[in-house]
Amino acid sequence: MRKPIPAWLKVSSYFLTLILAQLIASRVLLLDSMWYYFGIALALSYFFVRSEGHSLKSLGLVPGNATDLKHLFGGLGLGLLALLISAAITIGLNGSRLVFTGRIDPVFLAILILINLFSAFAQELTYRGYPFQRLLKTYGPWVAQAAVTLPFAIMHLKFQTAVTWQQFLMTWLTTGLGSILYGLCYIKSEKLSLSIGLHLGWNLAQALVPRSPAESKTLLFTLVQDQERYQPLNVLWPYIGISLLLMLIINFLPFAAPRQKPIQS
């Protein structure tokens, strides 16, 4: 009888394939799109879940009942509110202000929502789908959460330009908090609806409300900033604080889903 492939090896091959795809896309810029990464992650997920006798539906990708929809829209509202609070604190600390652009383009806004919905869905499938769930079931939440933070950080890097160690570590810190937060959403609800909604709400609000000179202007607002008063740490600390607060909220909210127990692969 052939010995089963250990979970850590399956997940490692999954992420190494994605990183290789990212390296290829950095050389062939035509490939560098969310559709490209989503297609590869979907194919890998299908291959691994089928090899284990399951279907993609087992990953909890699509809301299947009223509770899932409640988690999706609840996560959306929570994500929107969290980013807006973080932005308000940052803007206050930096002595900046938002100026309404005076225009609302409903068509562009609808497209922006759809783009961010697909992005959140694709990222949650890729990182909190098969690899996270396989690690969670085999080794428990601590290993699963820690292991996924690194590839999630790498995904947010741009390989077309040189990346310093400081930039890499900062990316790992900020995206790592997000990865742990979204992972906690799955652990508590055992579906991806909550993490997709939260991810969507945060990214959508971030696309509409600028917090730094680098973002400066969006569809709805222009950020007016005195450069002498601007401090990048005033963007970082509110983000960290709000992320930790969200973890506490998600951890203590009742989701009526039992915690996963480690099983043997």
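Only this structure's heavy atoms are used, side chains among them; waters, hydrogens and symmetry mates stay out.
- Atom CG of L30 has 12 or fewer heavy atoms from other residues, nucleotides or ligands within 6.0 Å.
- Within a 6.0 Å radius of OH in Y36, other residues, nucleotides and ligands contribute more than 12 heavy atoms.
- Donor-acceptor pairing under 3.5 Å is recorded for the side chains of Y186 and Q133.
- Aromatic pair F118/F38: centroids less than 6.0 angstrom apart.
- Minimum interatomic distance between K217 and T101 (heavy atoms only, all atoms of both residues): CE-CG2, 4.3 Å.
- A pairwise comparison of heavy atoms in S195 and E124 identifies OG-OE1, 3.0 Å as the closest pair.
- Using a 4.5 Å heavy-atom cutoff, the side chains of T175 and T149 are not in contact.
- Here W202 and Y239 bring their ring centres to under 6.0 angstrom of each other.
- Across all their heavy atoms, R50 and H54 have their closest contact at CD-O, 3.3 Å.
- Between the side chains of N203 and N116, not a single donor N or O lies within less than 3.5 Å of an accepting N or O.
- Residues L200 and L117 approach most closely at CD1-N, 3.4 Å, considering heavy atoms.
- The side-chain heavy atoms of V224 and L98, taken from C-beta on, include no pair separated by under 4.5 Å.
- When every heavy atom of W172 is checked against every heavy atom of A153, the shortest pair comes out as CA-CB, 3.7 Å.
- With hydrogens and angles left out, the side-chain atoms of R211 and Q206 include a donor and acceptor closer than 3.5 Å.
- Screening V49, L125, L44, L42 for a side chain to side chain contact (heavy atoms under 4.5 Å, CB included) involving Y130 leaves a single residue, V49.
- Between P210 and I91, the closest heavy-atom pair is O-CD1, 3.9 Å.
- Taking the ring axis of F152 as reference, the NZ or CZ atom of R128 stays within 45° of it and closer than 6.0 Å to the ring centre.
- No side-chain heavy atom of D32 sits less than 4.5 Å from a side-chain heavy atom of S26.
- Enclosure of atom CZ in F168 by more than 12 non-hydrogen atoms of other residues, nucleotides or ligands within 6.0 angstrom is indicated.
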